[in-house]
Colleague: 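Can you keep this structure in mind? I'll have questions shortly.
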Amino acid sequence: MSRRVKSLLEREISNRLKDVDAVAVISPRGIDGVRSNQLRRKLREQGVRMLVVRNTLARRATVNPRLRGFEKLLEGPSALLYGRASIPSIARLLIEEKKNNEKLELRGVFFDGEVYAGEEGVKAASKLPTREEAIAQLVSAMLGPGRALAGAIRGPGGKIAGVLKTIEQRGK
């Protein structure tokens with residue numbers, strides 16, 4: 001490839017990855033065209049893109065400081081997965097796809113400045129809560145004590161109201 005073509009590719013890759021703060025890396029080796037298209041379709045449904053890229057171009061193109069350190073996952077042919085979906089949901093999809101296709105090589109995921117390398121790293125990332133799940137857990141943790149307090153306050157008052165209602169009904 002000429003330098004001009006490489007610079008154009010670098011610019012294109014950096015434009016695609018400029019707002020990205022997390023990526024997953026797989027090896028496209030051993031995946032035939034049909035399975036690759038099926039995987040891309042599943043990813044696209046979740047708002048995730050797959051970009052097969054040369055490692056040197058990916059290293060040069062990632063000027064984004066939020067992606068510093070993900071280069072450790074780039075060995076051999078690489079495909080970057082990035083997009084709107086959270087990394088735990090992407091990792092879950094990749095684990096599910098790995099069950100269907102044993103040839104799929106999971107290199108790892110990178111987010112929050114940490115590298116989760118290999119298939120074990122992807123499994124660890126898949127067990128983390130997504131953003132929505134974390135918010136739900138936080139809200140339920142915050143509402144739990146309030147719900148218990150409201151039940152404690154309402155409980156004796158309900159008993160008194162029941163006794164008064166019974167007295168009223170007997171008095172008639």
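Because the structure is a prediction, the values reported are computed rather than measured.
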Colleague: Are any side-chain N or O atoms of K123 and backbone N or O atoms of I95, one a donor and one an acceptor, separated by less than 3.5 Å?
Modeller: no
Colleague: Within this structure, what is the NZ-CG distance for the pair K98 and L93, rounded to the nearest 0.5 Å?
Modeller: 14.0 Å
Colleague: Can you check whether R3 reaches S7 side chain to side chain, under 4.5 Å on heavy atoms?
Modeller: no
Colleague: What are the two closest non-hydrogen atoms of A24 and I87, and how far apart are they?
Modeller: N-CD1, 4.3 Å
Colleague: Testing R35, K42, R92, R41 one by one against E97 for a salt bridge (charged side-chain N to carboxylate O under 4.0 Å, His left out), which residue passes?
Modeller: K42
Colleague: Quick one: salt bridge (Lys or Arg N to Asp or Glu O under 4.0 Å) partners of E96, sequence neighbours excluded?
Modeller: K99
Colleague: Would you kindly confirm whether V5 and L51 end up in one hydrophobic cluster when ILVMFWY residues are joined by side chain heavy atoms under 4.5 Å apart?
Modeller: yes
Colleague: Taking atom CG of L94 and atom CD of E105, what is their separation to the nearest 0.5 Å?
Modeller: 12.5 Å
Colleague: State whether the number of non-hydrogen atoms from other residues, nucleotides or ligands found under 6.0 Å of Q46 atom CD is greater than 12.
Modeller: yes
Colleague: Please report the shortest heavy-atom distance between A79 and P28, naming the atom on each side.
Modeller: N-CD, 3.9 Å
Colleague: What pair of heavy atoms forms the shortest contact from R107 to P77, and how long is it?
Modeller: NH2-O, 2.7 Å
Colleague: Counting neighbours of CZ on R49 that are heavy atoms of other residues, nucleotides or ligands and sit closer than 6.0 Å, is the number greater than 12?
Modeller: no
Colleague: Taking all non-hydrogen atoms of both residues into account, name the closest pair between V52 and R40 and its distance.
Modeller: CG2-NH2, 3.6 Å
Colleague: Please determine which of V109, V25, I26 meets the side chain to side chain contact (heavy atoms under 4.5 Å, CB included) test together with L81.
Modeller: I26
